[in-house]
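Everything on this sheet refers to the single structure shown next.
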Number of protein chains: 2
Amino acid sequence: MTTAGPGLRERKKQATRTHIAAVATRLFVEQGFEATTIAQIAERAEVAKMTVTNYFALKEDLLFDRAPEIIALLADAVAERAAGSTPEQAVAAVYRRRLEERWPALAFVGLEFARTVEASPALRTRERTMMLEQEDALAAVLVAESDDEVPARVEAARLAGIFRVLYFEARRRVLAGEDSEAVVTALESACERIWSP
Amino acid sequence: MTTAGPGLRERKKQATRTHIAAVATRLFVEQGFEATTIAQIAERAEVAKMTVTNYFALKEDLLFDRAPEIIALLADAVAERAAGSTPEQAVAAVYRRRLEERWPALAFVGLEFARTVEASPALRTRERTMMLEQEDALAAVLVAESDDEVPARVEAARLAGIFRVLYFEARRRVLAGEDSEAVVTALESACERIWSP
DNA sequence: GGAAGAAATTAGGCTCGACCTACGAAAAGG
DNA sequence: CCTTTTCGTAGGTCGAGCCTAATTTCTTCC
């Protein structure tokens, strides 16, 4: 075959994965995380129970299927930043950019999603784990750039911490009933207070 | 009753709790976390399976029974710091103090413990969750002191991040086979590089 | 275009962590 | 001493995670 592209098998796999995650997400939102069983997800998605387990090592991963995007966000932004700019500037830039775009690519900000996560200890833990994975990814980039590992990791913790605080601030405001634009405005103001003075 | 003190009932409870945690820890170290079952722990500790579950909501908690000490460490140090000193100074002071004392009160630094935790994804996750709980506790103190919540949380993330980085740096060195004094020396040096310049 | 090979999916079953309920044992307080 | 409250136990349910063997689905090479 001349045009490489992903074959039928790979495309089907991705479709199955996405489909299962979508079905699971809807059930979690409707009935809650612990009230939904893997068997039920499998039935609704019309696959075997084992297929669900096969694609998603943990039940929690069904809701956080797009976690890799967030995990890589800061590390990529810093690794690909303009020459001469600091990691901090890169993080600030990527966050402000996301605010301008109203987070088009990330689904982790809706009210229903927020409620579902907050209602389940297991999902809250999974989300926080994701945040520390993001920090690890960023740390790997900074350590590679630096000649002193510990301070590089501290800087990664600080920058990822800023992102994390803003992330949960958004969550808090969404849950408080603020509309989308109000949340964005509040976050822009928070950025100012963090980075301006 | 004149002498208040904890009654017999409360003392027995604490003894049972400590005993179960000790038995579990030994089994985890000997055979690994996932290879050890709750039933086995109950048998060795000579209590009912349900009693173990009763004291420890999650299997992971059996190893991290003393997590509250670490969780409260920074928050307490900052809340009780000398008047006029900064939160950062309080965190630096409590960490340096622990180094001087060779961590007598905290058991989270031994080689066997380190190996046991590293070998189990569930325990690694539990440990990182603990670290974020520590950050939350510190954030609560800083937010109460501040008039602007978001920057206060960012500062909590930074300070807790420093502690976390040093904690895992200790882990890494212990696993690399360094002896206790070498680890302490390395951490003191790391503190200098973080806080001096 | 068809057969051989590889990979994904399935059915069914198993272990074990987490939880529930009702009951019995032990301590605290009158 | 007797009542009340709390703690621990026995036995059982539910579901997540995992294994195996068999079957279906795609790829590849003839």
Side-chain angles (χ1 to χ4, degrees), chain A residues 1-21 23-25 27-28 31-65 119-126 129, chain B residues 1-21 23-25 27-28 31-65 119-126 129:
Chain A
M1 197 177 274
T2 53
T3 54
L8 174 58
R9 177 171 279 165
E10 193 56 29
R11 275 179 286 132
K12 271 205 168 180
K13 247 177 83 167
Q14 285 313 314
T16 304
R17 181 185 182 92
T18 304
H19 176 235
I20 294 173
V23 168
T25 299
L27 287 172
F28 292 159
Q31 334 176 323
F33 179 72
E34 10 281 318
T36 305
T37 69
I38 303 267
Q40 194 184 3
I41 295 165
E43 197 185 352
R44 286 271 197 118
E46 297 186 288
V47 295
K49 196 182 65 164
M50 193 57 194
T51 302
V52 178
T53 301
N54 214 1
Y55 277 99
F56 302 91
L58 301 177
K59 192 185 171 186
E60 291 87 317
D61 296 338
L62 283 158
L63 191 66
F64 291 103
D65 191 29
S120 159
L123 289 177
R124 287 170 46 103
T125 296
R126 179 64 187 85
T129 299
Chain B
M1 195 181 275
T2 52
T3 54
L8 174 57
R9 181 168 273 164
E10 191 57 29
R11 276 181 284 133
K12 270 203 168 179
K13 247 176 83 168
Q14 285 313 315
T16 304
R17 181 185 181 90
T18 305
H19 177 233
I20 294 172
V23 168
T25 299
L27 287 171
F28 292 157
Q31 331 174 328
F33 179 72
E34 9 280 321
T36 305
T37 69
I38 302 267
Q40 194 184 2
I41 294 164
E43 196 185 355
R44 287 271 197 118
E46 297 186 290
V47 293
K49 196 183 62 166
M50 193 57 197
T51 302
V52 177
T53 300
N54 215 1
Y55 277 98
F56 303 90
L58 300 177
K59 192 184 172 186
E60 291 88 313
D61 296 337
L62 283 156
L63 192 66
F64 291 103
D65 191 29
S120 160
L123 290 177
R124 287 169 47 104
T125 296
R126 179 65 187 84
T129 299

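Nothing here was measured: the structure is a model prediction, and the numbers come from that model. Convention: sequence-line order gives letters A, B, ...; per-chain numbering from 1.
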What is the separation between atom [atom1] on [X] and atom [atom2] on [N], rounded to the nearest whole Å?
X     : N      : atom1 : atom2 : value
B/F28 : C/dC16 : CZ    : C1'   : 13 Å
A/N54 : C/dT10 : CG    : C1'   : 11 Å
B/H19 : D/dC7  : NE2   : C1'   : 17 Å
A/K13 : D/dT25 : NZ    : P     : 17 Å
A/Q14 : C/dA8  : CD    : P     : 11 Å
A/E10 : D/dT25 : CD    : P     : 19 Å
B/E46 : D/dT9  : CD    : P     : 11 Å
A/R11 : D/dT25 : CZ    : P     : 17 Å

**Study point:** Shortest non-hydrogen separation from B/E34 to B/A119 and the atoms involved
**Key:** OE2-O, 4.1 Å
Study note, to complete from the structure: Smallest heavy-atom separation, A/I41 atom then A/V23 atom, equals O-CG1, 4.0 Å
Check your understanding: Which residues satisfy the salt bridge (charged side-chain N to carboxylate O under 4.0 Å, His left out) test with B/R11, sequence neighbours excluded?
Key -> none
Study note, to complete from the structure: Readout for nucleotides 11-20 of chain D: B = base within 4.0 Å of protein heavy atom, S = sugar-phosphate only, - = neither; 5' to 3' it is -B--SSBBB-
Check your understanding: Rounded to the nearest 0.5 Å, how far does CZ of B/R17 lie from CG of B/L62?
Key -> 8.5 Å
What nitrogen or oxygen pairs link the protein and nucleotides 24-27 of chain C at under 3.5 Å?
{"residue": "C/dA26", "atom": "N3", "partner": "B/R9", "partner atom": "NH2", "Å": "3.3"}
{"residue": "C/dA27", "atom": "OP1", "partner": "B/K12", "partner atom": "NZ", "Å": "2.9"}
{"residue": "C/dA27", "atom": "N3", "partner": "B/R9", "partner atom": "NH2", "Å": "3.3"}

Point to revise | Estimated bend of the helix from C/dG1-D/dC30 to C/dC23-D/dG8 (axis per five terminal pairs, rounded to 10 degrees) | key: 30°
Can you give each donor-acceptor pair under 3.5 Å made by side-chain atoms of residues 43-60 of chain B, sequence neighbours left out, with the distance rounded to 0.1 Å?
{"residue": "B/K59", "atom": "NZ", "partner": "B/F33", "partner atom": "O", "Å": "3.0"}
{"residue": "B/K59", "atom": "NZ", "partner": "B/T36", "partner atom": "O", "Å": "2.7"}

Check your understanding: Between C/dA8 and A/Y55, is there an OP1 or OP2 to side-chain N/O distance shorter than 4.0 Å?
Key -> no
Exercise for review: List for me each residue that meets side chain to side chain contact (heavy atoms under 4.5 Å, CB included) alongside B/T129, sequence neighbours excluded, and say none if there are none.
Suggested key: A/T125, B/T125, B/R126, B/E133
